[in-house]
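Below, chains carry the letters A, B, ... as their sequence lines are ordered, and counting in each starts from 1.
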There are 2 protein chains.
Amino acid sequence: MADATAPDPSVAGASVKEPRPIAEQTKPHRPMTSRDLARALGVSQSMISRAFSSQASIAPAMRMQIMDAAAAAGYRPNVVARSLSTRRSNIVGIVMAGMTNPFYPELLERLTRALQEVGLQTLLFHAPPGEDVDGQLPLLMQYQVDAVIIASAPISSGMAQTWLATGRPAILFNRSVPGTDVTTVACDNVAGGAAVADLFARLGRKRIGFVGGRADTSTNADRERGFTDRLNALGLPLHAHTAGTDYGYEQGYAATLRIAPSKPDAIFYANDITALGGMDALRQELRLRVPEDVAVVGFDDIPMAAWPAYRLTTLRQPVEAMIAATVSYLTAHMESAAPPEIHVLPGQLIERASTGLTPPRTNRRRASSRSGHDPSSPA
Amino acid sequence: MADATAPDPSVAGASVKEPRPIAEQTKPHRPMTSRDLARALGVSQSMISRAFSSQASIAPAMRMQIMDAAAAAGYRPNVVARSLSTRRSNIVGIVMAGMTNPFYPELLERLTRALQEVGLQTLLFHAPPGEDVDGQLPLLMQYQVDAVIIASAPISSGMAQTWLATGRPAILFNRSVPGTDVTTVACDNVAGGAAVADLFARLGRKRIGFVGGRADTSTNADRERGFTDRLNALGLPLHAHTAGTDYGYEQGYAATLRIAPSKPDAIFYANDITALGGMDALRQELRLRVPEDVAVVGFDDIPMAAWPAYRLTTLRQPVEAMIAATVSYLTAHMESAAPPEIHVLPGQLIERASTGLTPPRTNRRRASSRSGHDPSSPA
DNA sequence: AGGCGTTTTGCATCCGGATGCAAGAACGTT
DNA sequence: AACGTTCTTGCATCCGGATGCAAAACGCCT
């Protein structure tokens, strides 16, 4: 590794072929600038700039000529310089806390792609696990990102205000912070929880349990509230309950062993990955059958939920719609300061074998996991 | 899907509220600049700049004073402006092709974190599935990223040269392109494949099969080659073989059904996610037992491989070491043009129940998935 | 106090494009 | 042909920090 710094010509044995044009190799190769191109074409630098700005006034013929020359010469505008002038970086910061839940990687990919389609790039930040994003925001501000999307990490309301004072949009994705005026895009977790309660009632289950995710997240609280409120309304008591420590396979596994002694016949897990851990605990460790002994429901509809080994009934989040809402909000409010909006989009109950195949859907033609879009229209 | 574009407020479940203090919100609030701070302190702008540059010559007392004032006033250097001057953005572009394989999200998270620790941010690009990254590189160049890490997508050798001509480092992560002089960091896939062959031989399996991943990837080719070469050396014929179409759960499932008629008693899948699909096909669809009827081995050691439902024997990639190699290469060669290096790091066979618990390791104390660092030091 | 070597500061300029303003060109009108 | 419009184009300057160079300040020694 050190040899590259000073290739000693006196060292023998090394069959290094080095023509060594000492002047050549140190050529930093500065990329061509708009002024270079301008000079070559005998026009002013402004013209180059205008040629690349769709809204500038420039003769079509001139633009063509410049674009052709640029393509030929390999000129590309320097985005950093442009950002400095325009104060717009066309970069969106995304803050995530962990990729252990497969819901997030998929979300990240689709979000990134959707942003790319409208010309926005993604600067990715990982909040240290268990912490809020306050520590990351100053960095994001330094990088002049045009907006932030905060998924899977809480933000303090003070820091939220600080960010909003910059006049740039912020979006809380799939979580909400009550005391804050921040735009939120989320699945209707309360309604989702209620739908699960309805399902358990319909199935005639009596000893109903709930296994939570991270206790301090709004998703967890809302799902639980929707669930228990509806149960109460139906006159069904919540039989067993475990306050969650975190979303995760291990946590689901452990929590299930903890509530097993109360013999639940149905369990709602705060999300899919936790439910999968729960199913494994039920079957592998407790030797119980799903759904015969225990019906299991999760939340999110991650790809694995559809796998033959699990066939997990779950509440599918309307990811497509959530992303669309996010992107359209961002593009609409990138210019001017944005009034906060709260978007709560309905999820969809996907019934699979983990709750038994129920009457409503006799045709179960989705053998493999969902590919492409779901034919059934949400809304 | 069309409903998301314009969230109709009349749709139940979707709500939009806006307090809208119309006068307040239009304040542009330009952030403070170094000149503002300088004026406030009665010093020159250069001093502010130097205070934030660790290598600049500035009186310690002055720096302290400036830093304090900056903290008090909330001043933070504008990274975009700095990038323009220094031609260094401190941003690394990472190109990925798909997050369906859980190996990649985890990698992305750890890589991002490791980069953050040395002051580098991550600009994330997704190559359209099935395409090479050539289309993305011009964008990356425009964004003046200091380096690229290409994981999970091929690059043409021409484009690689174009990139390298910029004098910025590029790293192919977990893949290699033969005809190109690009630095590569990868697991020793050939040795890994060979280790699996050894394992099957040790288990006394005779009807051995291989299920490939994406045919045009170096990982797939190397794993297969290492595997079959060693089998040949051991005098074992490759009994069944399926050219892969792609890495993925579905592909593993389908490929397994395809080779099932040949009655293999051991199958090596080119990666874990494919192997999981294969196991589900074997057990759910073909009613075969693993490992009694068929021994199964994957590659990567994704978290799910350790789940009780699978307990998949696999070849763990030395992710920690691969990331370390990547980061140290980047930091070392960010300044000057970099000679290409090839890092091939050894993986580790993790034996689990999918091949039967074999004598070598009686103590199986890794019940939960790996946490923390791997004890084996890969030098 | 005077002289000299070292630090510390300030000045001016640069990084690569964007853009308001006014000069210049092209076009239409009477 | 002269004049008013509308389009194009060039000029100058700005975006916010970094940095080479020289002036200024400081420390030390005789």
Side-chain angles (χ1 to χ4, degrees), chain A residues 28-67 69-70 73-91 141-146 166-167 335, chain B residues 28-67 69-70 73-91 141-146 166-167 335:
Chain A
H29 183 82
R30 286 273 208 71
M32 155 170 287
T33 72
S34 63
R35 284 177 235 266
D36 297 334
L37 225 202
R39 202 172 319 113
L41 285 173
V43 300
S44 73
Q45 176 265 329
S46 321
M47 285 291 96
I48 310 297
S49 172
R50 287 193 256 256
F52 282 86
S53 161
S54 54
Q55 53 199 1
S57 98
I58 178 177
M62 167 68 42
R63 168 173 279 144
M64 290 242 58
Q65 185 193 347
I66 292 180
M67 294 308 254
Y75 166 77
R76 299 203 152 253
N78 180 325
V79 184
V80 173
R82 174 183 294 165
S83 298
L84 181 58
S85 281
T86 61
R87 305 158 182 291
R88 325 219 64 260
S89 60
N90 287 322
I91 291 179
M141 294 176 72
Q142 281 192 280
Y143 274 89
Q144 313 294 118
V145 303
D146 292 341
T166 66
E335 307 296 335
Chain B
H29 183 80
R30 282 273 208 73
M32 154 171 288
T33 72
S34 64
R35 285 177 234 265
D36 297 335
L37 225 203
R39 202 172 319 115
L41 285 173
V43 301
S44 73
Q45 176 265 328
S46 319
M47 286 292 94
I48 310 299
S49 173
R50 287 194 256 256
F52 282 88
S53 161
S54 55
Q55 54 199 2
S57 97
I58 177 177
M62 168 66 55
R63 166 173 278 145
M64 290 242 57
Q65 186 193 348
I66 292 180
M67 294 308 253
Y75 167 77
R76 298 203 153 254
N78 181 325
V79 183
V80 173
R82 174 184 295 166
S83 298
L84 181 58
S85 282
T86 61
R87 303 158 184 290
R88 325 218 65 259
S89 61
N90 286 322
I91 290 180
M141 295 176 69
Q142 282 192 279
Y143 274 88
Q144 314 293 118
V145 301
D146 292 341
T166 67
E335 308 297 335

To the nearest Å, how far apart are [X] [atom1] and [N] [atom2]?
X	N	atom1	atom2	value
A:Met32	C:dC15	CE	P	15 Å
A:Leu37	C:dG17	CG	P	9 Å
A:Arg88	C:dT19	CZ	C1'	16 Å
A:Leu41	D:dG10	CG	P	11 Å
B:Ile48	D:dG17	CD1	C1'	11 Å
A:Gln45	C:dC15	CD	P	12 Å
B:Met47	D:dA24	CE	P	15 Å
B:Gln144	C:dG16	CD	C1'	9 Å

In Å and rounded to the nearest 0.5 Å, what is the [atom1] to [atom2] distance from [X] to [Y]?
X	Y	atom1	atom2	result
B:Ser89	B:Arg87	OG	CZ	12.5 Å
B:Arg82	A:Leu84	CZ	CG	13.0 Å
B:Met47	B:Gln65	CE	CD	11.5 Å

Tell me what [X] touches on the nucleic acid: a base, only sugar-phosphate, or nothing, going by heavy atoms under 4.0 Å.
X	result
B:Arg63	nothing
B:Val80	nothing
A:Ser46	base

*asked:* Can you identify which nucleotide, out of D:dC11, D:dG17, C:dG16, has its nearest atom closest to the B:Leu84 side chain?
replied: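 Nearest to the side-chain atoms of B:Leu84, counting from C-beta on, is C:dG16.
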Requested in this report: For A:Arg50 and A:Ala59, indicate whether the former's side chain and the latter's backbone hold a donor-acceptor pair under 3.5 Å.
Outcome: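 Pair absent, no side-chain N/O of A:Arg50 close to backbone of A:Ala59.
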Side chain [X] and base [N] donor-acceptor under 3.5 Å:
X	N	value
A:Arg30	C:dG16	no
B:Gln55	D:dA18	no
A:Arg35	C:dG17	yes
A:Arg87	D:dG16	no

| 5' precedence on DNA chain C between B:Ile58 and A:Ser53 (nearest-nucleotide basis) |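 The answer here is B:Ile58.
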Below the 4.0 Å mark, does C:dG16 have OP1 or OP2 next to a side-chain nitrogen or oxygen of A:Thr33?
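For C:dG16, OP1/OP2 do not have a side-chain N/O of A:Thr33 under 4.0 Å.
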*asked:* Taking 4.0 Å as the cut-off, does a side-chain nitrogen or oxygen of A:Ser49 come that near to OP1 or OP2 on C:dA18?
replied: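 Yes, because at least one side-chain N or O of A:Ser49 sits under 4.0 Å from OP1 or OP2 of C:dA18.
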Do B:Tyr75 and B:Ile66 have side chains that approach each other closer than 4.5 Å (heavy atoms only, starting at C-beta)?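 The answer is no; the side chains never approach within 4.5 Å.
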